[in-house]
Amino acid sequence: MMLDIYDFYDKMERNNIMLSFKGDITSELLTSILQIMESKLDNLQEEPKIKKKVYNVLVECLQNLYHHMDEIAPDQSDKIRSAIFMIGKIDNQYNIITGNYINNSGVESLKKRLEDINLLSKEELKEYYKLVLNNGEMSLKGGGGLGMIDIARKTGEKLNFSFFPVDDKYSFFSLNIKISQ
Amino acid sequence: METISIEGTPKTPTITFDTGKGFLEIKGRSIPENSIEFYKPLVDWLEKYAGKPQSVTNVNIQLEYFNTSSSKCILDVFKKLEAINKGGSQVTINWYYEEDDEDMLEAGEDYQAIINVPFKMVQVAE
C-alpha cells in the first residue's frame, strides 16, 4: 500500500500542524517535544501568558499519554502501546490532539469522569481540583487524576473527546484540547 | 547543620535547603513524569529537620512551571512544613509568580487554602 503523502501533507498544512508524532511515548521523547515546542512558541513571540498556558496544558496531555502506556499494556505489542499526538494553531487558537488505545473495560468510567468534569463551572473546577489534590490517591508513577481537571481549568473549555471501537478488547480514545487567547 | 542541594534539570527544579539558616528554596521547573521519586529526598530531609528546626523557617517557591504530578508532592512538602510550623518553628512560605501569570497565582492560593501556614504571594516582573 502506498501512503498518499501529499494528501497527508495537505491535511496537516490545512490544519496548521506545528508538530506531530506517532509511536511509543518515552520520557526522552517528551523532553524533546517540549524543547521543540518551547522554541516554536518563542519564535512565534507569543505573550508569556499564552506561552505558559500552552506549555502547561501540553505537559499534562503528553504525560497523560505516557502514564497511560504502562497501564494499558505493560507487555503488549508495540501497536497497542503506540499513541498519536499533534499540535496546531489556527487563527489565534491552539489545538492539541492526542489519541491512544484504551481497554474496552475502561471506556465507561473514563467517559463518566470526563463528562462529570465537563459539567463543572470554573469555580466548581477549582474546588474539585483542591479536593482531589488533598484527598486523592496517587499512582506509583505519579499520575494523580488531576491532569484532566487541570486541563479543563487552565483552558476554560469543555474537554472534547471521543471513543472509536477497534475490536472486542480495545477502543481508541481521542482528546481534542483548544486553547484560545 | 548542613546545606543540601539538588541541581536543576530541564524537568526538575533546583532545591537548596540550608538547615542552619532555616531556609528552603525550590526554583525552576517541576515537570518530571515521576515526581514521587524526585521529591522523596526533600520530604526525608524535612522529616529530619522537623526534629530540630530553627526558630524561623523561610521557604521560597519560585516555579516557572509545574505539572499535576508535582502538585501532589509539593502538597506533601507543605504538609511537612505545616507540622514544623505547629512544632514551634515560625514558617513562612513565599510563593513567587510572574505578573500576568494568573494560573501560578491561583495555584498558590489553592495551597494557601489547604495548608495552615502563613503564605506570602510575591509578584515578580516577567
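Note on naming: letters A, B, ... go to the chains in the order of the sequence lines (proteins, then strands), and numbering restarts at 1 for each one. For clarity, every value in this text was computed on a predicted model and none was experimentally measured.
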So, the part of A:I149 with a heavy atom under 4.5 Å from chain B: the answer is neither

Atom pair [atom1]/[atom2] of [X] and [Y] - distance to nearest 0.5 Å:
X      : Y      : atom1 : atom2 : answer
B:S71  : A:L133 : OG    : CG    : 5.0 Å
A:K51  : B:Y65  : NZ    : OH    : 4.5 Å
B:E109 : A:K130 : CD    : NZ    : 9.0 Å
A:D150 : B:F66  : CG    : CZ    : 8.0 Å
B:N67  : A:L62  : CG    : CG    : 11.5 Å
A:N56  : B:D103 : CG    : CG    : 7.0 Å

Salt-bridge test for [X] and [Y]: reply yes if a basic N is under 4.0 Å from a carboxylate O, no otherwise.
X      : Y      : value
B:E106 : A:R153 : yes
A:K126 : B:D110 : yes
A:K52  : B:E98  : yes
A:K53  : B:D101 : no

Do [X] and [Y] sit in the same hydrophobic cluster, where Ile, Leu, Val, Met, Phe, Trp and Tyr count as joined when their side-chain heavy atoms come under 4.5 Å apart?
X      : Y      : answer
B:Y96  : B:F119 : no
B:V59  : B:V124 : no
B:I115 : B:V43  : yes
B:Y97  : B:I114 : yes

Would you find more than 12 non-hydrogen atoms of other residues, nucleotides or ligands less than 6.0 Å from [X] atom [atom1]?
X      : atom1 : result
B:E99  : CD    : yes
B:N116 : CG    : no
A:F21  : CZ    : yes
A:D167 : CG    : yes
B:K27  : NZ    : no
B:K21  : NZ    : no
B:E47  : CD    : no

Bottom line for B:E102: the part with an atom under 4.5 Å from chain A's heavy atoms is side chain

Honestly, the part of B:I31 sitting under 4.5 Å from a heavy atom of chain A is both

Of all heavy-atom pairs linking A:S27 and B:K11, the shortest is O-NZ, 3.0 Å

- Would you tell me whether B:K72 and A:N134 have side-chain atoms, one donor and one acceptor, within less than 3.5 Å of each other? no

field: Side-chain donor-acceptor contact under 3.5 Å, B:T68 with A:E60
entry: yes

*Give a yes or no on whether the backbone of B:E33 and the side-chain of A:H67 come within a donor-acceptor separation of less than 3.5 Å.*
yes

